[in-house]
Structure formats: C-alpha cells, structure tokens
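Worksheet: one structure, shown below.
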Amino acid sequence: MDWRCGGWRALPSRIQMSYDHERIEAKWQEVWEKHRTFNVTKDESRPKFYNLCMYPYPSGALHQGHVRNYTFGDLLTRYKTMQGYNVLSPMGWDSFGLPAENAAIQTGAHPKTNTEAQIETMKTQIKQLGSMYDWDRELASHDPDFYRWDQWLFLELYAHGLAYKAESLVNWCPRDQTVLANEQVVDGGCERCGTPVERRKLAQWYFKITDFADRLLESIDDLTEWPERVKTMQRNWIGRSEGALFTIDVDGGGSFDVFTTRPDTIFGMTFCVLAPEHPLVETLISGSETEDEARRYIAEAGRTSDVERMAEGGKTGVFTGAYAINPVNERRVPIYIADYVLMGYGTGAIMAVPGQDQRDWDFATKFGLDIIRTVEPPADFDGEAYLGEGKTINSEFLDRLDRDGAVRKTIEWLEEKGIGEGTVQYRVRDWLISRQRYWGSPIPMVDCDECGLVPVPRDQLPVLLPHVEDYAPKGRSPLAAVEEFVNTDCPECDGPARRETDTMDTFVDSSWYYFRFADPANDDAIFDPSQPAYWMPVDQYIGGIEHAVLHLLYARFITKFLYDRGLSTVEEPFARLFTQGMITLGGAKMSKSKGNVVDPVEQFRSHGADALRLYHLFMGPPTDDAVWNDAGIDGTRRFLERVWKLGTAEHEFSDRGPAERDAEIIGLAHRTVRKVTEDVEGFRFNTAVPALMILANELGDYVTGSPRREAFDEAFDRLLLLMAPMAPHIAHELWEVRGHGRLLAMEAWPTWDEDLAREETVTMIVQVNGKVRDRIDVSADISADEAERMALESEKIKAWLDGDQVQRVIARPPNLVNVVKG
RNA sequence: GCCGGAGUGGCGGAACUGGUAGACGCAGGGGACUUAAAAUCCUCUUCCCGCAAGGGAGUGCAGGUUCGAGUCCUGCCUCCGGCACCA
C-alpha cells in the first residue's frame, strides 16, 4: 500500500496544517527571540562553549557563503546547547574598511549611513535563516565604543615598543590609493582589487609582529585542532631560516653584513650582491667608472614592480667597481648590484656562491664570473648549481666535512673571529597598519614640532573620526584636509601640533574583536579580564580559508600580546578552527560581478530556511568547495515534506503486542542517533543528513503496516531531536504539534542504547577466490566455524568450487567468508 | 621549483581499523493516481554481453603487497590551493 496516500488520513481539523514554512519560520524566530534561549551570561555551573563565525563585512545582502557559514555555526550552537553547554554565540560587523567606503562612493551615501542601513538589512536576513545569536553582545567596528579600544590597543602596543613609525619601501595600491601590508599583496597585486602594487618609500606605522615570529611559529604545533593546510600556510608565511650573519669588508674601506643559510659554502663565494636600495650602494658607486650605468639601473629597479622584475626572466645587474674580501681566505671578489637580491629580506646583501645556488649560478654565467664547487656532487651529476648533500671540497679547514659539520665549524670560526654568528631569519615582516583612507579607526598619535610623536592620552580616547563629505581617495588620508581635526594641542607641551591622519587597517579590528564579545558593553576598559578568562579561548571558530594567513596570524599575534600584558589567560585565541569551502556556480565563486548569485532571501520564500540549511549541510563535505545545484534544494524540501506528513498525519496504530519490526525501527532510530552524533562531532554533516533521510523513509514504510504507537513515538521523537539543530523551525513546530510541552531547543540531545542499536542479522558475503559468489543472511553473533560451515554448504559456492580442492578459508564473521581454491 | 590536497556513475557525493564499490540526493526511463497536467507515490537506473538466468569489466594510468586493494607501497599523469629570485 502507498503509505503516503493511503496509510493515514488527514483529519478535517488539520487540513490547514500543510507544511507552511513561512508561517512556521516566522513563528519560531519570534519565539526564540522572546525566550532569549541564546542570550548567555557567565555560569560556572555549566561547561562553556564559545562558538564563533568570523564576523562579516556588512555588504547588505546575505549570500550563500554566509548561509553556509552560519548554518554550520548555528548547528553547533544548538547542538552544544542541547548537550548542556553554556554556549556563547555572538555576532558583529566588520564595518570599517575599503569595501564600505567604496560602496559609499558608488551610491553617493556617506559610509556611516550606508553601513548602518546595510547592517540592519543583513541582520534581518540572518534572523530569517533562523541562526541564533546573543544580540545583546552585538558590536560593530565603526562604532566609537568599539574603535576607541582599537586606539587603546594601539597605545598599549606603542607603550611597549611594538608600534612604531618608519620610512621604508612599501606596497602601494594605485587604485585604492593606499598602502598595503605584505599579507595583503597577492601575486604582486592588491588583495582586494587585483591592481598590481607599486613600491613607494613612505613613512608608515607598523606593529612589530616580527618580535613574535618564533612564538607564533612554535605554538602552531599546539594547534592540534586546526587544519594542517592552514598551519602549513602560516609556517611558510613566517618562513624561518637558520644560518649565519657575518660582516664582509670592502676593499678600501667600509663593510656590509650578509645572511646565508649555507655558511658551509663560504669558500665558494666568488662575488657579492647588494640590493639596489642597499644604503652602501651610494658610497660604492660614487666616482666609480660604472657610476652612470649603476644609477640608471637603480632608478629603473625603483620603477618596476616585483612582478615585472620576475617576469623579465634572466638576471640583471651592474658591477659597482668595488671589491669585497672573503674573510675565510682573503679572496678579493667583485661587488654587484642586482635586483634579485631584495632589500626587505635578511640584510639586503648576499655572498654569492654560484656552485651551490642556482640564482647565483645564473648570474655568474651571465656576467662571466668564477664558479667554485665546495660541495662534491655525485659522479653522475650533470646539473648546474648543486644543492644536495655531499662532502665539502676546495674549502681548506672545512674539507671532507658533511654539511652539518661544515655549517657548525664555519659559524664557530666566524664567532671566534668576532665577525659573525649563527642566527635565524624570518620571512615575515612587520605588519603595516596605517592606511590613507577615511573609513577606519584614526591612529591616536599627535605630531608636535617640539616633542615629536606623542601618543594621545588614554582619557582622551576615542579620537573620533570626523564627519567628512569628501572622502574620495586622493593618495593621502581625507582626514588631512579637515583643519579642525588635524590641528590640535600637544598633550605634552600644549603647543600647536598636528594629528596623525592615517587610519588603521581593519585587520586591527578583527585581531581582538572576539575578546570584546566576552564583555561588549564595558565603558571603562577594553574588557574586564575576568570575562574572557571564562569564555576564551573560542572553542570553535568557523570561516573562510582566505583568512588562513591574514586575520588568523594577526589575531594570534595580538592574543599573545594580550597574554603578555596579563589581559588574556590564553596564548592562542582559537582552539578549534574550521575552514569551509566556497560555493561555486558555473565554475566560479558566486559573486555579483560574475552574475552567478543565487539569492538566499528568495529561497527563504520559495523553499524555506530549513530546506536551504539542510541543502548546505547535505551538498558535500563542509571543507570542500561545493557546486550549487538549483535542483538540490528541491530534494531537501521534499524530505521535509515527508517528515511533516509523518508528524501531522493520523496514523492507524495497532494495539497488537511488540513484534520484530518494532524492534527494527527502534534499532534504526538508535543507530541514527549514534551516526548523527558521531558525524556532527566530526563535522561530517553531509553524511548526517542522509542518515536522517533513511530513518524518515523507513518510518514511512513502518506506518503503513500496522505500526505500534510506542515504537513510532520513540523513533520519530528521536528524529525530531536530531533535526533540531539542522532544520530547527520545522522540528520545533512538529515537537509542539505532537504535544511536547518544552521548547525543543531546551531538550537534551538524544542518547542511544547500544543493545537496541545492535543489528540482529547481517548479510554475510561469501567469496570464492576473492569474488563475491553468494550472500547469506546470518545472525550477527555467528562464530567463525559456523560462518565457514554455512559458506561451504551453500549450493552456489559448491557449484563454483566444482569439486576442486579448498586450500584455505578466511572467515571474518559476520561480514565475510572467502574460500580460496587451488 | 618547493610544500599541501584531490582524481569514484549523467551530476553532487557515500564506503568504519584493507572485507558487498556507488549510501543519500539530483537528473533520467517506465508505471500508478488524474479528464489532463502539476504534485505525490511505486519501480528501474556504473559500463559491456545476454530474452533471461547469469557472466565479465570497473574507483586517473602502470606495476606491486595481500586470500582480498577505492583504501597500503613504488613510479607516472592530471587538476586545485599555498609559497616562490627569501639568500
């Protein structure tokens, strides 16, 4: 019989009770908000769980990436709440920054007006998704109550020598008209707009993240619940290299320092190279015969971007006319200027060893310089520079040593002579945080002719961002044009002074906002340390992989700083990190500019938030990119319709005694609880949803054939409990319809009984020589001997054996028996 | 170049510590219901041979280990991501 049509009959009073998702979703969103289920305070009696999704930039329109993110996050909030945790799930807005400012420039509305309108729209949409937050803790980075503490943090870093202003070569985005941090340059272009960056020499503000490089690197090992991929990216970014730093004298006076990871090859140095921007260059070339050529080369190098330099292919450079003395053997070698040596790494100068370095080899062959091998390559080696292991040669006191031995001995020698030492270099640079843009937190510094740079006293915070009508980018901060902002009194001497007009990188905001969520309304301090002492670390952090280095590195740095200041009890902010994949359509990430956006708000109307949430959970492994398929959401909607009918139909229950099929459906329900619990713990939502579907489908069959009410109730209620974090609206409605008094969200997460979950019979497969030849239903606790006997008695197996000798029987009860014949 | 990750039906994807490859869903074929359509339901759906019973092949390619390999090992190919003239 067709259970969905004939196995039940709808009562007249329930005719209006079709699955009306719009009514149900609006109803429960209101209930949850009124009930304040997800508003929390410190509660030492329960274990805490801080669950956080990376706070969004308020674009004004929820997109599928947000939906995916918040669906995962909300699932966990609800799941952990049902498990009895005190769950902190806050939401806020990354509302400062270029996107907000650029959007405002396009619409003509002021960034503040625009941003605040967009926050309201997005908040409504997030609520429509049914995703629950403690809105009492809402914060927005453009709010003076928030950015005041950005400024406080800046001053705290400044006071401890970790914020400084310095002039150096920086990355400049000509389109956004501002400088960028190294982390914000991707493939030589601006992280936001892709425009190739230019190099400019400018005075800018930095946070001294390099002081924390070793700690940031070392504690990556403690992040056991972080994806390996992200940890690798951070390790690469920090880029630790062990080697030696030593001084090389210039023949005729002067000297420069070089860093090398291969001090063992020092006897192979046949020339030296300085970066074009190296401070010694000017001295070396003035008056030399190659002076004009060198000046042209330096000027050219200054104009071209890093991308262009590398695209050129081949090495370029100019002889300075000067010579250096190799300290180990007094050999006189030429000093070149070449742009393959970067001023920003190491000392901006190298000892060139073409025998063991391919870049130096390329340069040496192009300029006809000597090549000396100091590591013996294998006999069959036919390459150019040899980078492998080998015996040291042509190196006097290092000869015949292996690499490690030669490295150690060279460093000893340098240290004895007092000209060098073993050292460690990091690739990571200090974090450039000043921006020449309007929509950000003003840097709380004052420049006084008498006193120099003076920090704004903390009781004068916040330095309010003035209202400006003309905030279009001009290459310097729009604040510089606001006289009443710029002109101020020096906090030290009361004389006339000028305010710093650059604003802070928005990654400063996001580097500590998760602390503020623990104590969001504090007017007296960035937060009361007792609050994060309870809530931190974030137990689960969820967001996109694009922040693998940027935000996640900065946040780790600031947390370590706060830890050192005694403000944080944890040294790492995020205990468990989950990075979700993107949603693609037509082979590209969904974006407005590509015109491949599927608007979630439309789907709230057409399919409902629950169907959309389930589809996001179902569509594939949460970590992987997922291809959007319009028809996919039809499938999860159909599933919900079936559950709805199961929950609202009047089933014809039987008053017969318990039978095997009752035990089967209850067993399946218990197995489903086990499966879903394990899958949720392991972030395998894509396999948890099918488990629910199987249970619902089986329940559908069950109710058509004289079901017992007790068995149905036990199984179906478990289904609703399992669905509560995934499709919360429909689950709550059905829970109520079925007469349960308590709010489903407050019920305990279901448990399972292993005895009930155990399957009575299983299908044992019987193989002959590894090929499946028969299937036999057997008791789950069958013995190996019994399994073997049944297999050999099978008619099909006898036919396959065809009288041949049985060599061996492998029995793996209850699943498999393999009969091996000769 | 270096470091990660991944290749499974028409599609998204399942497959515990090596043990029924293709769960679940989508799409498609056939059927029921309907005046009809939609919706819903039933059923089939990896490929090849066969009327069928059944057989054979099959998880990027080539080998290997094993009673047995999507899973382990070796060597390739392809794709994706990160880093990259970092001394």
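Lettering follows sequence order; numbering is per chain, from 1.
The base of G1(B) has none of its N or O atoms less than 3.5 Å from a complementary donor or acceptor on the side chain of Gln358(A). Scanning atom types as modelled, one donor and one acceptor separated by under 3.5 angstrom connect the side chain of Asn818(A) and the base of C67(B).
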Nucleotide by nucleotide, 5' to 3', does protein get under 4.0 Å of the base (B), only the sugar-phosphate (S), or neither (-) in nucleotides 4-12 of chain B, counting heavy atoms? --------B
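RNA chain B is contacted by Tyr345(A), Ile350(A) of residues 344-352 of chain A, taking any non-hydrogen atom closer than 4.0 Å.
The aromatic rings of Phe685(A) and Phe72(A) lie tilted to each other, with the angle between the two planes from 30° to 60°. Aromatic ring orientation, His616(A) versus Trp628(A): tilted (interplanar angle from 30° to 60°).
Comparing U46(B) with A52(B), their P atoms are spaced 15 Å from each other, to the whole Å. Look at the C1' atom in both C80(B) and A87(B): the space between them is 30 Å, to the nearest Å. Atom P of G28(B) sits at a distance of 42 Å from the matching atom of C83(B), rounded to the whole Å. Across the C1' atoms, G58(B) and C49(B) are found 15 Å apart, a figure rounded to whole Å. Across the P atoms, A53(B) and C44(B) are found 13 Å apart, a figure rounded to whole Å. Spacing of P atoms, U71(B) relative to U17(B), comes out at 14 Å, to the nearest Å. Taking atom P in both C3(B) and U8(B), the straight-line distance is 25 Å, to the nearest Å. Atom C1' of G70(B) sits at a distance of 16 Å from the matching atom of A57(B), rounded to the whole Å.
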Pair Phe271(A)-Phe367(A), ring pair (Phe, Tyr, Trp, His ring centres under 6.0 Å): steps then yes or no: CA-CA 11 Å; Phe271(A) 60 103; Phe367(A) 288 85; 8.5 Å; no
For Ser779(A) and Asp781(A), run side-chain hydrogen bond (donor to acceptor under 3.5 Å, both in side chains): C-alpha distance rounded to whole Å, both residues' side-chain angles, the deciding distance at 0.1 Å, then the answer. CA-CA 5 Å; Ser779(A) 162; Asp781(A) 53 8; 2.4 Å; yes
Apply side-chain hydrogen bond (donor to acceptor under 3.5 Å, both in side chains) to the pair Glu183(A) and Trp237(A), showing each step before the final yes or no. CA-CA 9 Å; Glu183(A) 288 79 7; Trp237(A) 189 265; 3.0 Å; yes
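Salt-bridge check for Glu754(A) with Arg758(A): failed, with every basic side-chain N at 4.0 Å or more from each acidic carboxylate O.
Contacts of Arg429(A) with the nucleic acid, taken as non-hydrogen atoms under 4.0 Å apart, include base atoms. Ser241(A) comes within 4.0 angstrom of sugar-phosphate atoms only, judged by non-hydrogen atoms across all strands, and of no base. Counting non-hydrogen atoms under 4.0 angstrom, Asp362(A) reaches nothing in the nucleic acid.
In this structure, of A87(B), G19(B), G82(B), it is G19(B) that holds the atom nearest to the side chain of Asn815(A). The side chain of Met693(A) lies closest to G25(B), out of G82(B), C85(B), G25(B). Checking A87(B), U20(B), A27(B) against every side-chain atom of Asp357(A), the shortest atom distance belongs to A87(B).
Glu681(A) CD: more than 12 foreign heavy atoms inside a 6.0 Å radius. More than 12 heavy atoms of other residues, nucleotides or ligands lie within 6.0 Å of CD in Glu421(A), so this atom counts as buried by the packing criterion.
Checking side-chain atoms of Gln358(A) against main-chain N and O of Ala385(A) turns up a donor-acceptor pair under 3.5 Å.
Proximity of Lys771(A) to the phosphate of A57(B): a side-chain N or O atom is located under 4.0 Å from OP1 or OP2. Distances shown here put every side-chain N or O of Arg812(A) at or beyond 4.0 Å from the OP1 or OP2 atom of C16(B). The phosphate of C24(B) (OP1 or OP2) has no side-chain N or O of Asn697(A) nearer than 4.0 angstrom. Contact annotation: Arg638(A) does not reach the phosphate of C41(B) (side-chain N/O to OP1 or OP2, under 4.0 Å).
Proximity of Tyr340(A) to Asp362(A): side-chain heavy atoms (C-beta onward) are nowhere separated by under 4.5 Å. Looking at heavy atoms from C-beta onward, Arg638(A) lies in side-chain contact with Asp634(A) at the 4.5 angstrom threshold.
Nearest-nucleotide assignment on RNA chain B puts the 5′-proximal partner with Lys675(A), out of Pro690(A) and Lys675(A).
Across all strands shown, A69(B) has no partner, as no Watson-Crick or G-U wobble contact with both distances under 3.5 Å is found. When both pairing distances are held under 3.5 Å, A39(B) makes no Watson-Crick or G-U pair with any nucleotide shown. Searching all strands for a Watson-Crick or G-U wobble partner of G10(B) with both distances below 3.5 Å returns C26(B).
In this structure G54(B) sits in the anti conformation; its chi angle is more than 90° from 0.
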